[in-house]
Each structure stands twice: as C-alpha cells, then as structure tokens.
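Following: one structure in structure tokens, then a few remarks.
Below, chain A is the first sequence line, B the second, and so on; all start at residue 1.
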Number of protein chains: 2
Amino acid sequence: MKMDARKQQVLLALITDFIATAEPVGSRTIARKYTLGVSPATIRNEMADLEEMGFIEQPHTSAGRVPSHKGYRYYVDFLMKKHDLSRQEEELISQGYKEKVRDVGHVIHLTGGLLSQITSYAAVVVTPKPIAGSLKHVQMILMNPGRAMVVVVMNTGAVHHRIIEVAEGITQTDLDTISQVFNAKLQGQNMDTIKLTLIKEIYFELSKHRNILDLAMFLINDSLTLEGEEKIYLGGVFNILNQPEFNNVDKVKTLLSLLEQEDLLCSLLERNTEPEGVTVLIGDEIKRDEMKECSIVTASYNFNGIPLGSIGVLGPTRMDYARVVSVVECMTRNLNEALEKLSRGWK
Amino acid sequence: MKMDARKQQVLLALITDFIATAEPVGSRTIARKYTLGVSPATIRNEMADLEEMGFIEQPHTSAGRVPSHKGYRYYVDFLMKKHDLSRQEEELISQGYKEKVRDVGHVIHLTGGLLSQITSYAAVVVTPKPIAGSLKHVQMILMNPGRAMVVVVMNTGAVHHRIIEVAEGITQTDLDTISQVFNAKLQGQNMDTIKLTLIKEIYFELSKHRNILDLAMFLINDSLTLEGEEKIYLGGVFNILNQPEFNNVDKVKTLLSLLEQEDLLCSLLERNTEPEGVTVLIGDEIKRDEMKECSIVTASYNFNGIPLGSIGVLGPTRMDYARVVSVVECMTRNLNEALEKLSRGWK
DNA sequence: GGTTGGCACTCGACGGCATAGAGTGCTAAC
DNA sequence: GTTAGCACTCTATGCCGTCGAGTGCCAACC
C-alpha cells in the first residue's frame with residue numbers, strides 16, 4: 001500500500017484532532033471538521049488503509065481511531081507545520097530573560113520555569129557538564145587541619161567545589177602555592193587537556209615543594225574529575241497531570257518515580273542526536289517501558305560552539321509537537337544568547 | 001465532658017487502627033482487636049462522647065469513626081508512644097552516612113534521600129542559609145572586562161557565588177587587593193557582623209584605592225546579601241501517592257503544584273518553633289488550604305549551636321507519627337554529626 | 001474504478017435498581 | 001454503669017437495559 005496525498009490529509013486531520021481533543025477520532029468527525037471534500041464512507045476506507053499500514057489504531061471496535069507511534073513519527077517528520085510563536089509568547093520569553101542574570105545556575109532555572117510555563121508540559125534542563133568550558137581559576141582553602149576546599153571556576157561561569165583530605169601538616173601558604181601554580185599552568189585550558197597533557201609540567205614545577213607534591217597529584221586525579229556532577233532542573237510536573245491521559249494515579253506514580261531518578265533523566269536528555277536543532281523522541285523510542293506513553297522534545301545549548309547541556313520538554317505522546325518544537329527552538333536560541341551575554345558582558 | 005482513662009484508650013486504639021488501615025473504625029473492630037475488656041456497646045457510648053468532644057468524626061451515618069485534626073493533635077501530644085527504630089533502620093541510616101562526604105550539598109541530598117526512603121513519605125530538606133556560619137574566604141575573579149565573579153566560602157563548607165558588574169577599568173590585580181582586604185578583615189566573622197560593623201573599617205582601608213572603592217561598597221551591599229538563596233531538596237514524592245488518600249488525581253495535582261513552589265516550601269519548614277526537637281504540624285495547622293489533609297514533621301539541624309536549616313517529612317494527616325517522629329529525631333542527630341565531622345575532620 | 005448512502009453489528013458509557021454488609025443509636029434488661 | 005438486641009441508615013457492588021458513536025460491508029451510483 002502506498003501513502004498518497006489524501007491519506008496524508010486524513011492522517012494529518014486525525015492527528016490534529018486527536019491532539020486537540022484527546023478523544024478517538026471517527027470518520028464523521030473528520031468529514032465535518034476538516035473539509036476534505038469527500039464523504040465519511042470514503043474516509044472510512046482511507047482509515048482502514050492507514051490502520052493496515054500501522055499509522056493509526058483502534059482502542060476497540062466501536063471507537064474512532066487513534067494515532068500510533070509510527071503515525072506520530074510520520075506526522076513529526078513530514079506532515080507537521082511549525083507555526084510561529086504568538087507575539088505574546090515571544091514577548092513572555094524575551095521578558096523572562098530581561099531579568100538581571102546572576103549566574104549559569106540561575107539562567108538554567110529561569111529557562112526551565114519558562115519552558116514549562118509556556119508549553120504546559122514538564123520541563124527538564126541539564127546544567128553544564130564541568131568538563132565543558134575551560135578553567136578560569138582554581139583556589140584552595142584550608143578549612144581545618146587535614147581538610148581543604150577546592151573551588152574551581154570555569155569560564156562558563158560555573159563554580160564547582162569539593163572538600164578533600166590533605167596531610168595534617170599542609171598550611172594555607174602551601175595551598176596558595178599550589179593554587180598559583182595551577183592557575184599559571186592551567187588557566188584557559190579545557191578539562192581534557194588538563195587531565196592528559198599537563199600533569200607532568202606541574203609535577204616538575206612543584207618538585208621543589210616535595211612535601212606537597214603528593215597532594216597536587218591527588219588533586220589532579222581525584223578532585224578535578226568532577227564528573228557525574230550534572231544537576232537537573234525539573235519543573236511543571238503538575239502541568240502534565242492536567243493531561244487526560246494522566247487521570248490514572250498509577251500512571252502518575254510510575255512517571256513520578258522515574259522523574260525522581262536524576263541520573264536516568266540526564267541520560268535521556270543526552271540522547272538528542274542532532275547537534276543543531278531539535279530531537280523528538282516518541283513513546284517507545286525512549287526505550288523505557290514506564291515512558292512508553294510519553295514523548296520528549298530536546299535540544300542542546302551551546303557556549304562558544306561547545307554543547308554544554310540540554311533542555312527538554314516531557315509530555316504525553318499526544319503532545320502538541322508543532323508548538324513544542326517551536327518553543328524549544330526559540331528557548332534554545334534565547335538561552336544561547338543569555339549565556340553569551342553572561343560571558344562577554346552586556347554593553 | 002471530661003477525658004478519662006478509658007476514653008483515652010478508645011481514642012488511642014481508634015487512631016492506631018486508622019493509621020494502619022486507612023478505613024473508618026467501628027466499635028466492633030476496636031472491641032475485637034484491642035482488648036479493652038468492654039463490649040462494643042460500651043465503646044459506642046465512649047465514641048459518641050469522643051465525637052461530641054471533637055476528637056473523632058463520622059464520614060457518614062453508617063460508617064465507623066475517623067480521627068479529627070484535634071484528635072491527631074491529642075494523640076501526638078499525649079497518647080503516642082515513640083517506638084525506637086528497628087535495628088535494621090538504624091543500620092540503614094548510619095550506613096548511609098558512612099559514605100564519603102564531599103560537601104554540605106551532598107550531605108543534604110543524602111539526608112533527603114534516606115528520609116523519604118525510610119519513612120515512605122515525601123522528604124523536604126532546606127539547605128543552609130548563607131547568613132548562618134562565618135566567612136572563611138572571599139575570592140574575586142575577573143571573568144571578562146566589566147564582569148567579575150565573587151566566590152564566598154563559609155566555614156560550614158557552603159560555597160556561594162555570583163556574577164557582578166564592575167567598572168571596565170578594574171583589573172584582576174585590583175580584585176586581588178580587594179579580596180585580600182576582605183579576607184583580612186572579615187575572616188571568621190558571621191554575616192550579620194559583617195554587614196553591620198565592618199563596612200567602615202574596609203572603607204578606611206581601601207581609601208588608598210579610590211578607584212575601586214565604589215566597587216567594594218557595592219559588593220558589601222549587594223553581593224554579600226545572598227539572601228533568598230536557600231535551596232531545597234524534595235524527594236520521594238511518589239511515595240505518598242501510595243497512600244490511599246491520594247488515589248484522586250485532583251488531590252495529587254494540588255499537592256504537586258504546591259510542592260513546586262520552593263520558596264513556599266521553605267517558609268513552611270521554617271515554622272518549626274521548638275529550637276531543639278521535633279515539630280508536628282497537623283492538617284489545617286499548616287494554614288494552607290491545599291494541605292489541609294497533610295501533616296508535616298520537621299526539625300532543625302545545627303552547626304556549632306546555630307540552626308542552619310530544617311529537615312522535614314510530608315505525608316497525609318493519617319501519617320504514622322510515632323515512627324516518623326522517631327526517624328526525624330534520629331536523622332537530625334546523624335545530620336548534625338555528619339556536619340560536625342565535615343567541619344572538624346574525621347579522625 | 002473510485003465514491004457514496006444505507007444498514008446491521010459491536011462495544012463502551014451511563015443510569016436505575018436491588019442487595020449485602022457494616023455500623024450506629026436507642027431501649028430495655030442485667 | 002454495662003450489655004444484648006434490634007431497627008434503621010447509608011454506601012458499595014453488581015447486574016441489567018438502553019443509548020449512541022463508530023465501524024465494516026454491500027450495493028448502487030457517477
């Protein structure tokens with residue numbers, strides 16, 4: 001069987017209607033609401049074909065049709081017309097970013113809030129990976145004998161810190177020395193370079209301070225590997241409870257228990273394959289049984305061309321893809337700009 | 001009408017049973033399951049009295065009785081027997097804190113996770129207020145012309161940072177000078193003292209650097225007032241969806257939308273009046289209509305005797321108060337110890 | 001050959017009804 | 001003061017019949 005223009009029209013009408021109403025769509029409804037110029041009987045025939053092709057399915061014999069995941073996929077790839085955001089929405093977004101921006105974490109939070117507010121679905125935003133960006137400043141502070149705090153500032157504006165154990169004899173002066181060497185040698189380098197090529201150089205430089213050499217090595221190997229420190233912003237979860245597909249407490253429960261596993265959420269968001277642009281994952285494409293009735297729309301945001309993290313929207317498979325994709329695109333642009341501003345200064 | 005010993009027995013039995021089963025409790029049930037030595041008819045009479053006194057109520061004529069908020073309050077204040085935690089639970093908690101502790105934020109996260117896991121309700125933990133504790137180190141880093149990052153490290157191990165705008169002409173050397181003065185003058189002071197008494201001193205000290213004086217003043221007034229920066233850990237929300245009182249999606253929705261308002265949650269947790277020990281807020285005592293079917297058990301944790309923040313458990317009014325109070329007490333103790341360790345070093 | 005109207009059939013949603021069961025309050029007896 | 005008995009109330013449950021939306025198929029039509 002071949003997909004022709006009229007089948008596309010019917011599929012488009014059906015999905016559009018289902019997204020709007022959440023009710024199975026019958027042939028009569030399509031004939032009445034969408035002017036295809038044919039009778040319900042004809043549409044019934046087309047629908048039977050579409051069902052055979054796997055694009056739509058029937059919850060039960062005497063109900064209308066509902067899009068399948070394959071149907072949504074076809075819709076997103078070929079049929080969907082992105083409509084531009086309304087004046088009002090554009091306004092809301094740029095207004096949100098007008099606010100005085102304090103730091104990266106703040107911007108992330110802001111973005112998540114806006115995203116869920118505008119789309120009425122749940123928003124997920126992953127904060128920058130520490131390895132992204134380059135090192136701006138390292139400072140070590142002796143908290144009390146045997147314990148020091150390492151503070152690392154990245155050029156992205158992200159600040160990471162960690163408490164480490166040091167030998168009892170180490171003084172703040174020793175730590176200052178190390179900090180200075182680190183700053184001199186490592187400033188402006190990105191994390192990969194730091195780990196791979198510069199260990200030797202520092203080793204040499206610090207050899208005159210034999211007593212603190214071990215500490216320095218320890219620092220490089222342990223403290224600066226700040227991996228697994230991504231944080232996540234999750235907001236607007238109550239939004240998706242407004243969706244009729246979540247009027248069942250059990251479904252809400254499985255979804256919520258999944259959303260509380262931050263690391264899992266991170267890995268989901270990082271599956272956006274396209275470097276530029278928006279990725280849409282529909283239903284079982286997420287490869288998680290608990291989310292087979294959900295879809296995720298993600299995009300990654302950049303800083304100086306390096307992908308820092310991702311933003312995403314999570315909703316039911318019956319999500320308004322056209323709108324959400326537009327919003328995510330727009331938000332990514334705004335976020336990139338905001339980060340740019342944050343790093344370069346305003347005027 | 002006067003509360004006598006037998007009325008107390010009946011009330012205790014009724015509340016115990018209701019907490020366990022979530023079903024209205026009838027006179028027959030109490031007579032059968034709890035050996036009070038009297039017949040159902042007598043219990044019926046006592047129950048009629050208790051209802052008149054406002055401790056219990058009837059959902060409808062032909063149902064058993066259910067505790068009122070007043071009843072729970074009486075239970076918590078006078079009847080409840082705290083049972084010690086089981087060997088297994090104690091184990092679980094201390095095991096959780098065995099893990100290598102990285103920083104304050106990490107401990108907070110850990111605590112929240114354990115709390116929700118053990119109680120099977122939702123856990124809320126407020127991170128330390130920046131004003132608590134004393135200043136350990138200030139560092140200013142020029143990010144690019146006109147923008148600097150201020151990093152403040154507290155003796156509690158908390159690290160706060162913020163980006164500020166500075167005059168274009170300011171160099172890193174200028175910032176180092178300011179940082180040095182700040183550190184010399186402010187180290188070991190708490191935030192209140194800093195704000196109130198030391199401005200003058202620094203003003204004097206820096207007067208030789210006229211050009212950066214304005215910046216210094218700005219910093220003190222703006223950047224160091226890190227208020228409103230409390231973060232919150234919220235976990236185990238899906239737990240309370242297991243409670244039968246939340247099998248209605250509407251209730252879940254109102255609760256969730258409330259829980260997403262972090263500032264509101266903070267203010268709820270900070271209502272724990274008793275400086276030492278556990279505070280229980282029952283139903284409408286929370287003074288929030290959306291939470292009139294919830295209770296909150298909170299306690300505040302300390303560092304060197306200063307209250308830093310609060311931990312809390314949120315569940316339905318039909319919560320197992322005895323158990324939760326014990327757990328919160330135990331967790332507070334453990335958290336205090338962990339913070340102590342974090343600040344003093346292990347051995 | 002594609003399109004259309006007609007018709008029988010299917011299946012879930014909804015409302016009414018009867019029944020069962022739990023629990024109470026009252027009364028009279030102990 | 002306590003207890004047993006009894007009539008009464010109210011909800012939950014399950015069963016049915018009806019209604020309506022929607023389909024699939026068939027025959028007629030352009």
Side-chain angles (χ1 to χ4, degrees), chain A residues 1-11 13-15 17-18 20-68 71 244-245 247-248, chain B residues 1-11 13-15 17-18 20-68 71 244-245 247-248:
Chain A
M1 188 119 23
K2 206 168 104 266
M3 179 64 95
D4 59 24
R6 195 169 64 192
K7 283 192 184 32
Q8 287 190 339
Q9 279 189 307
V10 173
L11 184 56
L14 189 141
I15 295 185
D17 203 76
F18 185 67
T21 65
E23 298 288 329
V25 189
S27 54
R28 236 177 77 87
T29 312
I30 294 185
R32 207 169 354 101
K33 293 197 353 198
Y34 305 84
T35 47
L36 304 191
V38 290
S39 78
T42 310
I43 294 175
R44 276 207 289 284
N45 290 331
E46 297 288 19
M47 281 164 79
D49 291 352
L50 284 170
E51 181 164 11
E52 199 180 323
M53 294 159 78
F55 290 115
I56 58 181
E57 42 202 37
Q58 236 175 337
H60 56 258
T61 324
S62 74
R65 301 303 211 294
V66 158
S68 67
E245 30 271 277
N247 56 7
N248 173 337
Chain B
M1 188 120 21
K2 205 167 106 268
M3 178 66 93
D4 58 25
R6 196 169 64 191
K7 283 192 182 33
Q8 286 191 339
Q9 278 190 310
V10 173
L11 184 56
L14 189 140
I15 295 185
D17 203 75
F18 185 68
T21 65
E23 298 288 330
V25 188
S27 53
R28 235 177 78 88
T29 313
I30 292 184
R32 204 165 1 98
K33 294 199 347 200
Y34 305 84
T35 47
L36 304 191
V38 289
S39 76
T42 310
I43 294 176
R44 274 206 288 283
N45 289 331
E46 297 289 17
M47 281 164 81
D49 291 352
L50 285 169
E51 180 163 12
E52 199 179 324
M53 293 159 77
F55 289 115
I56 59 181
E57 42 200 36
Q58 234 176 338
H60 53 84
T61 325
S62 74
R65 303 302 213 291
V66 158
S68 67
E245 29 272 276
N247 56 7
N248 172 339

Should A:Val38 and A:Arg6 count as side-chain neighbours, where that means a heavy-atom distance under 4.5 Å?
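A:Val38 vs A:Arg6: side chains touch.
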Between A:Thr29 and A:Glu23, does the side chain to side chain contact (heavy atoms under 4.5 Å, CB included) criterion hold? Intermediate values first, please.
CA-CA 11 Å; A:Thr29 312; A:Glu23 298 288 329; over 6 Å; no
Donor-acceptor pair under 3.5 Å: do we get one between A:Ser62's side chain and the base of C:dC11?
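When only heavy-atom distances are counted, A:Ser62 does reach the base of C:dC11 through a donor-acceptor pair under 3.5 Å.
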Distances under 3.5 Å between protein N/O atoms and the N/O atoms of nucleotides 24-27 of chain D, please, pair by pair.
{"unit_1": "D:dG24", "atom_1": "OP1", "unit_2": "A:Arg65", "atom_2": "NH2", "d": "3.1"}
{"unit_1": "D:dG24", "atom_1": "N7", "unit_2": "A:Arg44", "atom_2": "NE", "d": "3.2"}
{"unit_1": "D:dG24", "atom_1": "O6", "unit_2": "A:Arg44", "atom_2": "NH2", "d": "3.3"}

From [atom1] of [X] over to [atom2] of [N], roughly how many Å is that when rounded to an integer?
X	N	atom1	atom2	result
A:Ile43	C:dG2	CD1	P	17 Å
A:His60	D:dA21	NE2	C1'	9 Å
B:Arg32	C:dG23	CZ	P	8 Å
A:Glu46	D:dT23	CD	C1'	16 Å
A:Arg28	C:dG5	CZ	P	12 Å
A:Glu23	C:dG12	CD	P	15 Å
A:Ile56	D:dG22	CD1	C1'	13 Å
A:Asp49	C:dT3	CG	C1'	14 Å

Cut-off 3.5 Å, no hydrogens considered: what does the side-chain donor-acceptor table look like for residues 50-57 of chain A, sequence neighbours left out?
{"unit_1": "A:Glu51", "atom_1": "OE1", "unit_2": "A:Arg65", "atom_2": "NE", "d": "2.7"}
{"unit_1": "A:Glu51", "atom_1": "OE1", "unit_2": "A:Arg65", "atom_2": "NH2", "d": "2.8"}

Which residue, B:Met47 or A:Ser39, contacts DNA chain C at a nucleotide closer to its 5' end, judged by nearest heavy atom?
A:Ser39
Verify the contact: side-chain N or O of A:Thr42 to OP1 or OP2 of C:dT4, cut-off strictly under 4.0 Å; return yes or no.
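For C:dT4, OP1 or OP2 has a side-chain N or O of A:Thr42 closer than 4.0 Å.
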Below 4.0 angstrom from OP1 or OP2 of D:dG22, is there any side-chain N or O of A:Thr61?
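For A:Thr61, the contact criterion (side-chain N or O under 4.0 Å from OP1 or OP2 of D:dG22) is not met.
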Using modelled atom types only, decide if a donor and an acceptor are shared between the side chain of A:Asp17 and the backbone of A:Leu14 within a distance under 3.5 Å.
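A pair under 3.5 Å: no.
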Gap separating the NZ atom of A:Lys33 from the OG1 atom of A:Thr21, nearest 0.5 angstrom
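Answer for the NZ-OG1 pair, A:Lys33 versus A:Thr21, is 6.0 Å.
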What do the steps show when you test A:Met3 against A:Leu11 for side chain to side chain contact (heavy atoms under 4.5 Å, CB included), and what is the final call?
CA-CA 10 Å; A:Met3 179 64 95; A:Leu11 184 56; 4.1 Å; yes
Identified salt bridge (charged side-chain N to carboxylate O under 4.0 Å, His left out) counterpart of A:Asp49 within the set A:Lys7, A:Arg44, A:Lys2
A:Lys7
